[in-house]
Amino acid sequence: MSTYRGCMEVNFFGTLEITKTLLPLIRSSKGRIVTVGSPAGEHSFPFLAAYGSSKAALSRVMDTFRHELMPWGVKVSMIQPGSYRTGAHDNKIHWENQHKKLLASLPNELLQEYGEEYISETQSLFLNYGNTASTDFSPVLDSITDAILSENPKVKYYAGKQLWLLYFIGIYLPHSISDNFFKGIFLKNKSMPRALKKQKNHE
């Protein structure tokens, strides 16, 4: 639960607090609000429930602000970046500490059901996926710049190569197809949760 609360504090409540503090100035100047969301807030990515939930909440409140502030001449835009490799990805000490913290905080019953092997492999796969992320942030920076300076900014900016494909599959195709698509990206574990492995051995 601390992970959920931490994500909400930073991605949702933090952004909301700053935005509401500046709203009087934004309204009086007919300014604009530009925030950074995530496709994880619009699609259900495995292992990103806490992060995705916080971004989904942010997306919803910004959509609401867009409607409510329209009479004031305030424009609201959200940047939806693709997969980018940020500084935290290469911080091995950070991820080691996160892994130790997770194992220490899990109830023993839950740790026994999943097994340390499965949990460790999941984190390793997640970090390996990050290695394929782009290091060229120019699409994101260009989107933010346009959202700030354009006379008619877009409501949403999709910043990233082939990001349209993810949205097309996630929104327009049947769940049987989109589920397999996301499984192919996120659920590549070779090991099984310990409890499932025991069940299969007894079948």
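All residue numbers refer to positions in the sequence shown, counting from 1. Note that these values count all heavy atoms, side chains included, but never hydrogens, waters or copies made by symmetry. Owing to the predicted nature of the structure, the values given are computational and were not obtained by experimental measurement.
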| Verdict with reasoning, Asn108 to Gln112, per side chain to side chain contact (heavy atoms under 4.5 Å, CB included) | CA-CA 6 Å; Asn108 186 58; Gln112 291 303 315; 3.7 Å; yes
| said: If you apply the rule side chain to side chain contact (heavy atoms under 4.5 Å, CB included), what do you find for Gln123 with Leu102, and how did you get there? | reply: CA-CA 11 Å; Gln123 184 187 48; Leu102 173 62; over 6 Å; no
| request: Step by step, work out the side chain to side chain contact (heavy atoms under 4.5 Å, CB included) result for Tyr158 and Trp164. | output: CA-CA 8 Å; Tyr158 299 97; Trp164 66 270; over 6 Å; no
| query | Checking side chain to side chain contact (heavy atoms under 4.5 Å, CB included) for the pair Ser77/Arg32: CA distance, chi angles, key distance, verdict? | reply | CA-CA 8 Å; Ser77 298; Arg32 58 188 63 184; over 6 Å; no
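Under the 4.5 Å side-chain criterion, counting only non-hydrogen atoms from C-beta, Val74 is not in contact with Leu23. At a threshold of 4.5 Å between non-hydrogen side-chain atoms, the residues Phe182 and Ile169 do not count as touching. The shortest side-chain heavy-atom distance between Val34 and Ile148 falls under the 4.5 Å cut-off. With contacts defined as side-chain heavy-atom distances shorter than 4.5 Å, the pair Lys75/Asn152 qualifies. With contacts defined as side-chain heavy-atom distances shorter than 4.5 Å, the pair Arg194/Tyr118 does not qualify. Here the side chains of Phe137 and Pro81 are not in contact, with every heavy-atom distance at 4.5 Å or above. Counting heavy atoms from C-beta outward, Asp63 and Met78 have side chains that stay 4.5 Å or more apart. Considering only heavy atoms from C-beta on, His99 comes within 4.5 Å of Ile119 through its side chain.
Ile144 and Tyr84 fall within a single hydrophobic cluster, where Ile, Leu, Val, Met, Phe, Trp and Tyr are joined by side-chain heavy atoms under 4.5 Å apart, directly or via other members. In this structure, Ile26 is a member of the same hydrophobic cluster as Trp72, with clusters built from ILVMFWY side-chain heavy atoms closer than 4.5 Å. Clustering ILVMFWY residues whenever any of their side-chain heavy atoms sit less than 4.5 angstrom apart, transitively, puts Leu69 in the very cluster that holds Ile18. Clustering ILVMFWY residues whenever any of their side-chain heavy atoms sit less than 4.5 angstrom apart, transitively, puts Leu163 in the very cluster that holds Leu48. Residues Val155 and Leu149 fall into different hydrophobic clusters, defined by Ile, Leu, Val, Met, Phe, Trp and Tyr side chains chained together at heavy-atom separations under 4.5 Å.
Across Phe12 and Ser54, no two heavy atoms sit closer than the pair CB-O, 4.1 Å. Here the closest non-hydrogen pair linking Ala159 and Ile79 is CB-CG2, 4.5 Å. The shortest non-hydrogen separation linking Ala147 to Pro153 is O-CB, 3.6 Å.
Side-chain N or O atoms of Gln80 include one that pairs as donor or acceptor with a backbone N or O of Ser38 at under 3.5 Å. Ser28 contributes a side-chain N or O that, together with a main-chain N or O of Leu25, makes up a donor-acceptor pair within less than 3.5 Å. Judged by distance alone, the side chain of Ser59 and the main-chain N or O of Lys55 form no donor-acceptor pair under 3.5 Å.
Here the straight-line distance linking atom CD1 of Ile33 with atom CE of Met62 works out to 6.0 Å at 0.5 Å rounding. The line from CG of Leu106 to CD of Glu113 is 11.0 Å long, rounded to the nearest 0.5 Å. In this structure, Gln98 CD and Thr3 OG1 are separated by 7.0 Å, a value rounded to the nearest 0.5 Å. Atom CG of Asp142 sits about 11.0 Å away from atom OH of Tyr157, to the nearest 0.5 Å. Here the CZ-OG1 distance, from Phe65 to Thr35, works out to 10.0 Å after rounding to the nearest 0.5 Å. Here CD of Glu9 is found 9.5 Å from CD of Glu17. Values are rounded to the nearest 0.5 Å.
Phe45 CZ: more than 12 foreign heavy atoms inside a 6.0 Å radius. Arg27 CZ: more than 12 foreign heavy atoms inside a 6.0 Å radius. Within a 6.0 Å radius of CD in Glu42, other residues, nucleotides and ligands contribute more than 12 heavy atoms.
Ring orientation note: the planes of His43 and Tyr167 are nearly perpendicular, at an angle over 60° on the 30°/60° scale.
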